[in-house]
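Below is one structure, written out as structure tokens, with a few remarks after it.
Just so it is clear: chains get the letters A, B, ... in the order the sequence lines come, proteins before strands, and each one is counted from 1.
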Amino acid sequence: MRQEVVIVDYGLGNVQSVSFALDRLGSSGVLTSDHKRIQQASHVIFPGVGHAEMAFKYLARLDLDTLLPNLKQPVLGICLGMQLMCQKTEEGDTSGMGIFNVDVIKFHEVPKIPCVGWNKIDELKSPLFKGMNSVYTYFVHSYFAPLSTQTIASTHYGTTYSAALQKDNFFGVQFHPERSGKDGEQILKNFLAL
Amino acid sequence: MITKRIIPCLDILGGRTVKGVNFIDLIDAGDPIELATLYSKKGADELVFLDISATEQQRDAFEPLVYDVAKKLSIPFTVGGGIRSTEKVARLLHNGVDKVSINSSAVNDPELISKIANTYGSQCLIVAVDAKQEEGEWWVYTTGGKIRTRYTLLAWAIECQERGAGELLFTSMDHDGTKNGFANDMLAVLAETLSIPIIASGGAGTPTHFKDVFLKGKADAALAASVFHFSEIEITSLKRFLADAQIPVRL
């Protein structure tokens, strides 16, 4: 089957850096919000930066909040994308798509918010991290998903929390694989091999 | 544990990398795309690209160059210089930039900080501040260090944070280009007062200066230009040196 990777474009934030990362891997991603195109894709990447409340509004306006949870192919949510796949988030008291069984909450008692920089991810247990042990990835966020039964990678900033989540064909990463150097590219490569 | 970041900064003028010594006497330091990919390979944690001529000459800057660099980089990429509107931010993000840095335009129009933060999120906004110590007080300067403003550094930094800046990049004009070390005392005050990450800039000359900026200046990240461009300090060995001093870095 021909591989067509789709990057969900719902009119918010920086989707270009994900597209560039796919180009570097010798793949390519189609930026679209078209339902049919998304349904027919071999892999779906759901990026996101910005404010959760606004992002979810944009998503809902295109009815993508009902489309995405029903997809059958591998789906990868990145950063805010991952957070919107959770039950809900404290940011703007926003409801998510409820794919992951966890509520996103704000950092407390940490020296700096947002949490910006490279952090080690551990306890990697998913084909997403095939061939990897513990690697550094790049994070920028103020809200996080606590540990849950769906956690497939953890990291530590004030508390230990989910760096990545998985439920069936749905994957979510809090960090930015597209900006996490070689290891980030390997994670994207692993996703595309699913 | 989040690691301390080492950030090479490429000052861009006319499509080339330059570095001013105390903001004057520019010396050509090489092709920006070459430097950017080299730093990415050598272990730089982020890259900053500043169009240093933008504010002064009202020049619409360098988007094709930004696009080419963003395409090649696999680390976070920040662009600053001449950003005065959310439309410009949108264009830069669309060209593959991860964060924007605003300086003079934020002082001239503080509302711009809130607008960018509310539209694109604090995570993509760095407010850069150039300041100089005079009569025992740190004063904020704009326009490439030419115009003194009414703001003191601390008051302005707090306002930036309250308006939604995601990080603060502080350049000490007194230290910039001297290679005598960073403004650690003031950096420590900023780090203890603010809750957003602080990027230190100005004064890097030796690996020990970087060690001091993290231990004494309590900075979250350190930015430098010429010591990296002219290979006086090699990033991989700098990070090994910092790791030996028990400073968390990504190796």
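With a 4.5 Å cut-off on non-hydrogen atoms, K72(B) touches chain A through its backbone but not through its side chain. For V249(B), the part lying under 4.5 angstrom from a heavy atom of chain A is the backbone only. When heavy atoms are compared at a cutoff of 4.5 Å, T3(B) approaches chain A by way of both its backbone and its side chain. In this structure, chain B has a heavy atom under 4.5 Å from the backbone of P111(A), while its side chain stays farther away. In this structure, no portion of L92(B) lies under 4.5 Å from any heavy atom of chain A. Contact of N118(B) with chain A is made through the backbone alone, with heavy-atom distances under 4.5 Å. Interface residue E167(B): only side-chain heavy atoms are found under 4.5 Å from chain A. Using a 4.5 Å cut-off between heavy atoms, A191(B) touches chain A through backbone and side chain atoms alike.
For R37(A), the CZ atom sits in a loose shell: 12 or fewer heavy atoms of surrounding residues, nucleotides or ligands are nearer than 6.0 Å. N133(A) CG: 12 or fewer foreign heavy atoms inside a 6.0 Å radius.
If you take CE on M1(B) and NZ on K120(A), they are separated by 12.5 Å, rounding to the nearest 0.5 Å. Taken from CD in E178(A) to CG in D98(B), the straight-line distance is 7.0 Å, to the nearest 0.5 Å. Summarising the geometry, atom CD1 belonging to I75(B) is positioned 12.5 Å from atom OG belonging to S17(A); distances are rounded to the nearest 0.5 Å. In this structure, NZ on K112(A) lies 7.0 Å from OG on S195(B), to the nearest 0.5 angstrom.
Closest approach of K99(B) to V116(A), counting heavy atoms only: NZ-CG1, 3.8 Å. The shortest non-hydrogen separation linking P114(A) to P197(B) is O-CG, 3.5 Å. When all heavy atoms of D23(A) and K71(B) are compared, the closest pair comes out as OD2-NZ, 3.1 Å.
In terms of modelled atom types and a separation under 3.5 Å, the side chain of W118(A) and the main chain of D45(B) share a donor-acceptor contact. Of the possible polar contacts, none joining the Q123(B) side chain to the H141(A) backbone as a donor-acceptor pair under 3.5 Å is found. Here the side chain of R250(B) pairs no donor or acceptor atom with the backbone of N119(A) at under 3.5 angstrom.
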For this session: Would you check, one step at a time, whether the test side-chain contact (heavy atoms from CB on, under 4.5 Å) holds for S74(B) with R179(A)?
Result: CA-CA 5 Å; S74(B) 60; R179(A) 285 294 187 229; 5.5 Å; no
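Contact residues of residues 87-100 of chain A toward chain B are absent (heavy-atom distance under 4.5 Å).
Ranking I113(A), T155(A), L80(A) against chain B, the residue ahead of the rest is I113(A), based on heavy-atom pairs under 4.5 Å. Your options are C124(B), G166(B), A70(B), and the one with the most heavy-atom pairs under 4.5 Å with chain A is A70(B).
In summary, the aromatic rings of F20(A) and Y67(B) are positioned with their centroids under 6.0 Å apart.
Using a 4.5 Å heavy-atom threshold, the side chains of Y120(B) and H51(A) count as separate. No side-chain heavy atom of S122(B) sits less than 4.5 Å from a side-chain heavy atom of S142(A).
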